[in-house]
Novice: 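The following block contains the structure, expressed as structure tokens.
Just so it is clear: chains get the letters A, B, ... in the order the sequence lines come, proteins before strands, and each one is counted from 1.
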Amino acid sequence: MLASNFLQDKESILFRYLSLFILSVNIYAGLHNVSVAKLGNGLRMMVLPNHSVPQVWVQVWYNVASKDELDGHTGLSHILEHIMFHGTAENPDYVKNILLSGGLYNAVTSKDYTYYYQIAPKDQLDYILNLEADRMQNLVFNKSKIAKELLAVKEERLLRLGNYPDRLAMEQANSMLHIRGPYHHYPIGWMSDIESANINAIKNWYKSWYVPNNAIVVVGGDIDVNNTYKLINKYFGKLQPRVLPSRVGRPDVPLLGNSSLTVKNKLIAHDSFSISFLVPSLVTASDKQDVYSLLVLCALLNYGENSVLRERFVNSGSAINSYVSYGYLHRFDSDLSIALVFGRGSNISESPLLKVLNKLAEGNFSEQDLERAKAMLLAHHVFAQDSFVNTLKSVANYAVLDLNDKLRVDFPKFIGKVTKKDIMHVLNVYLIKKPYLKLNLLGA
Amino acid sequence: MKKFILLLLIFNTAFSQNSKITEFKSNGVKTWFVERHNLPIVDVKVIFDAGAINDQNLRGVASLTNKNLLLICADKSRQQVTRAFESQGAEYGKDFGYDWSDVYLRVLSDKEHLNPALNMFASCLGKAKFSNKLLNKSKQKVIASWQELQKEPVKQAILAIKKQYYGGHAYGLPAEYSAKEVAKVNVNSLVRFYQKNYTKNSAHLIIVGDLDLAKARIIADKLTKSLPVGSKRLHALLKHNVAVSKKLKFASQAQITTVIGFPGVALSNDDRLKFLISNYPFGGYYGRLIDRLREKNGYVYAANSYVVPRRLSGEFYIIFRSRPEVSSAAKDLALKEFKNYLSQGPSEDEVSNAKKHFLQNLFRKRSSNEGVMSELTDLYVSGLSLSEFDEVPKKIAAFNRDDLKKVFARILSVQNPTVVTVSE
């Protein structure tokens, strides 16, 4: 069938879209037989077998991160993450032992959670679960090791941010957008807080938050579900829960008007701008369908060569590149950012972009554009199943945010439901005539 | 050794239960097909001998030809082409490097999605067309990449080393191009390059996914029948020139970048795999280098060494960044550890770790379609046959400490280290 005939055939588009949607739902239902349970001490467990390779993936997720850190103590969750690799009295060489099996280990600290993972041959499951239970409550704090680790954390901040004026600018813009909310600072923390971090603060952070009732153990791979539960219970069941510190509510303060930050530096290769709006996340949205509409809006704006920003700015030659980002899986209100990159000395006014958004809000886009955006989102959703690690992370991510797993499973359904009216609705509610933070990055 | 054999056996059983590998020729183009039904996805990649080493006297023509594929074709506009892919939710694109270029497609395997996307993919490949307007746009992007390169201290340091090793050969120059260089490339240049280099004789096809062999053969035929025959080209292996250490100045750096370079080996070198494994205990993710520089001294966040084999030659780099006041100490320590490792080699434990790490990594890779595609691509660009897919794990399992020590020492004793630091 020729592509031109295909494009003219609306019925054909809808049929293709529907078949893709049904396919996505079926794949989701089939692949994601996640088993969920909870121990008496509050530890949550999620188990997902996958017998395609004789390995196990073990993740332990803690509901503590930069969102919980107060000013003066930013970066503490990330610093603790580094210290967790120093081991315990019983398992001082656990890193070496994981490596001896040919396994991998690492950890991630984000805005909402900190998680640790091991990937190893399946016969290591017992050892890894023992290790994770041990370091949940028996971590060793060695003053001189911690001092060296803080140096490494400082180097990490320089490596990821300090060498790059544009990234430092984005960090500052983020704190201007999230004026006093939990996402005010990046997980790595401000440099002065890293420098002043001390062993007692780190120890207290660990004792307060690293408890079974604040954790989820996720196990996937070549495993037997019942046996895995038994093993988790064997090692974690004896750990005592603790009352968690009260989480200080710090809702974001909405912007009263537009604000901007301009940074000019020799190390910035191109002129660009971004505009960022505060928007709800899947946890905070009063109507969750708004979140799916925002996701489809992002795809409509910038997913594929025929997307709105690519057509209007990049393919027309006025911009070199375009970006849209929206983190919908967050515990608190998130942000939606739209960026355009230009050659040096270009006009970086946001007016043309705002005009485009206004037109969309008035319904100036076709049903075909909408269906194409949804088709790409849904197909990508199927493609993402190719990675078992991503599947496990997705399962755990929803759980650590206390989101019903049905939301994850029904993702294709929610995307499928988004209509043109929904897109116009979210534009008018969250973006059009709403205050934004503009970041201008200019080469010098 | 016995435990490795058992490991291989367990893995091979798991893999062969889920995947079937076949090799065949389609219109003279060698094709590797892996049948897997774990997900309703098909991945297709066509690799061409059309990398930067084929630029000859017109730098940038190989890159721009690649970048202008899958945009328009003989009877289809850009919008028709891109909408045809996107309406199926297909992901498609191209990759380009010094040695090879490729085009790829990922699409759902049911015929409603697969057929339209594949038909368009085949049209674009066999009836590629180029336009001034699109060429100028892609030049803009290429120049933007070149401008970004000027701000990257690690890449600048590597370039400073490669330039000395390879002189005016493509390897010694950036894979990004300045405005002055791309100005010389026009539509006729692209047409000539495409006709000469995107041919049956320079192509290799890989298909992975939810198809049977009969369907795979149909797809292969569709993708290859319209390519011109062309001729195979021979590229001679390169020798390294002697390089000297340098200091590069860069604006506003919070850290000093240190890159230590050595001549390495080509992809086709018999010792490449041993070299890769022998590097792991020294500069791998959890190796001696990071242990000494970070864990013991807090000089760095990351410090690793990299085996970089290319088609015609290769290099080896030790790379780290550290704050100015400890940078010199970090460099001295890195060189000291390197010298120790060169003379002592890895311990038996380190060898066992490294082998297990690579095998476990292979297993993980092969559990996904993307990983299988990546591994087959590596095999092909290394000049290896499909039988190596099963042989590589066995070879890794059989390596011993002496092998690895000798290979590491032999390759990295040819020239003194070339140290390039980048700072304010």
Novice: With a 4.5 angstrom heavy-atom cut-off, which part of B:E148 approaches chain A: side chain, backbone, both or neither?
Specialist: both
Novice: Counting heavy-atom pairs under 4.5 Å to chain A, which of B:S123, B:G298, B:S77, B:G371 comes out on top?
Specialist: B:G298
Novice: For each of A:E311, A:K154, A:K145, tally heavy-atom pairs with chain B at distances under 4.5 Å, and name the one with the top tally.
Specialist: A:E311
Novice: Please round to the nearest 0.5 Å and tell me the distance separating atom CD of B:E86 and atom OG of A:S307.
Specialist: 7.0 Å
Novice: Which bit of A:Y164 is near chain B, if near means a heavy-atom gap under 4.5 Å: side chain, backbone, both or neither?
Specialist: side chain
Novice: Tell me the closest heavy-atom pair linking A:E305 and B:T82, and the distance in Å.
Specialist: CB-CG2, 3.7 Å
Novice: If I measure from the heavy atoms of chain A, does B:Y285 come under 4.5 Å with its side chain, its backbone, both, or neither?
Specialist: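 The side chain, not the backbone.
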Novice: Heavy-atom distances under 4.5 Å only: say whether A:R344 touches chain B with side chain, backbone, both or neither.
Specialist: side chain
Novice: Heavy atoms only, distances under 4.5 angstrom: which of A:G317, A:A147, A:S101 has the most pairs with chain B? Name it, please.
Specialist: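 If we count pairs closer than 4.5 Å to chain B, A:S101 comes out on top.
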Novice: Between B:A254 and A:G162, what is the shortest heavy-atom contact and its length?
Specialist: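 So the minimum-distance heavy-atom pair works out to CB-O, 3.6 Å.
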Novice: Identify whether the distance between the nearest side-chain nitrogen and carboxylate oxygen of B:R323 and A:E155 falls below 4.0 Å.
Specialist: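 Yes.
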Novice: Hey, mind stepping through B:K141 and A:V314 against side chain to side chain contact (heavy atoms under 4.5 Å, CB included) and telling me if it holds?
Specialist: CA-CA 10 Å; B:K141 288 191 182 164; A:V314 180; 4.2 Å; yes
Novice: Below 4.5 Å from any heavy atom of chain A, which atoms of B:N136 appear? Answer side chain, backbone, both or neither.
Specialist: neither
Novice: Give a yes or no on whether the backbone of B:Q253 and the side-chain of A:N163 come within a donor-acceptor separation of less than 3.5 Å.
Specialist: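 No, because the side chain of A:N163 does not come within donor-acceptor range (under 3.5 Å) of the backbone of B:Q253.
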Novice: Measure A:L104 against the heavy atoms of chain B and call it side chain, backbone, both or neither at under 4.5 Å.
Specialist: both
Novice: At a 4.5 Å cut-off on heavy atoms, which part of B:N369 comes close to chain A: side chain, backbone, both, or neither?
Specialist: both
Novice: With a 4.5 Å cut-off on heavy-atom pairs, point out which of B:V326, B:D349, B:N115, B:N297 contacts chain A the most.
Specialist: B:N297
Novice: For the residue pair A:D369 and B:R83, what are the closest heavy atoms and their distance?
Specialist: OD1-NH2, 4.1 Å
Novice: So what's closer than 4.5 Å to chain A heavy atoms on B:F250: side chain, backbone, both or neither?
Specialist: side chain
Novice: Measure A:S144 against the heavy atoms of chain B and call it side chain, backbone, both or neither at under 4.5 Å.
Specialist: neither
Novice: Would a 4.5 Å heavy-atom cut-off, applied to side chains only, mark A:L99 and B:H357 as touching?
Specialist: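 A:L99 vs B:H357: side chains apart.
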Novice: Looking at CG of B:N38 and CZ of A:F388, how far apart are the two atoms once the value is rounded to the nearest 0.5 Å?
Specialist: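 If we round to the nearest 0.5 Å, B:N38:CG and A:F388:CZ are 12.5 Å apart.
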Novice: Contact part of B:E295 toward chain A, heavy-atom cut-off under 4.5 Å: side chain, backbone, both or neither?
Specialist: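 Contact with chain A is through both the backbone and side chain of B:E295.
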Novice: Does any heavy atom of chain B fall under 4.5 Å from the side chain of A:I268, the backbone, both, or neither of them?
Specialist: backbone
Novice: Do you know the tightest heavy-atom contact between A:V382 and B:L108?
Specialist: CG1-CD2, 3.6 Å
Novice: Distance check, rounded to the nearest 0.5 Å: B:S87 atom OG versus A:Q368 atom CD?
Specialist: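 So the OG of B:S87 and the CD of A:Q368 are separated by 8.0 Å.
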Novice: Of all residues at least two apart in sequence or in a different chain, which pass the side-chain hydrogen bond (donor to acceptor under 3.5 Å, both in side chains) check with A:H78?
Specialist: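 Partners of A:H78 under the side-chain hydrogen bond (donor to acceptor under 3.5 Å, both in side chains) test: A:H82, A:E156.
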Novice: What residues, two or more places apart in sequence or in another chain, satisfy side chain to side chain contact (heavy atoms under 4.5 Å, CB included) together with B:A303?
Specialist: B:L289, B:L293, B:V300, B:F320
Novice: What are the two closest non-hydrogen atoms of B:S367 and A:S52, and how far apart are they?
Specialist: CB-OG, 4.0 Å
Novice: Would you call A:D386 and B:R106 a salt bridge, taking side-chain N to carboxylate O under 4.0 Å as the test?
Specialist: yes
Novice: I'd like to know if the side chain of B:Y301 reaches the main chain of A:L151, judged simply by a donor and an acceptor atom lying under 3.5 Å from each other, with no hydrogens or angles considered.
Specialist: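 A pair under 3.5 Å: no.
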Novice: Is any side-chain heavy atom of B:S368 closer than 4.5 Å to one of A:S387?
Specialist: no
Novice: Side chain to side chain contact (heavy atoms under 4.5 Å, CB included) for B:F363 and A:Q55? Distances and angles first, verdict last.
Specialist: CA-CA 9 Å; B:F363 301 163; A:Q55 294 181 331; 4.0 Å; yes
Novice: Can you see which heavy atom on A:V53 is nearest to which on B:R364, and at what distance?
Specialist: CG2-N, 4.4 Å
Novice: Using 0.5 Å steps for rounding, measure from the CG atom of A:L267 to the CD atom of B:Q150.
Specialist: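 Between A:L267 CG and B:Q150 CD, I get 11.5 Å after rounding to 0.5 Å.
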Novice: To the nearest 0.5 Å, what is the distance between CG (B:L134) and CG (A:N315)?
Specialist: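 These two atoms lie 8.5 Å from each other.
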Novice: Rounded to the nearest 0.5 Å, what separates atom CD in B:Q255 from atom CG in A:L158?
Specialist: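 If we round to the nearest 0.5 Å, B:Q255:CD and A:L158:CG are 4.5 Å apart.
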Novice: Answer yes or no: is there an ion pair linking B:R294 with A:E149, defined by an N-O contact shorter than 4.0 Å?
Specialist: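 Result for this pair is yes, salt bridge flagged.
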Novice: Is it the case that the side chain of B:K137 and the backbone of A:I320 share a donor-acceptor pair, with hydrogens and angles ignored and the cut-off at 3.5 Å?
Specialist: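 Here the side-chain-to-backbone pair does not exist.
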Novice: Just so I understand: if I count every heavy-atom pair under 4.5 Å between each of B:K296, B:E350, B:K133 and chain A, which residue has the most?
Specialist: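 Option with the top pair count is B:K296.
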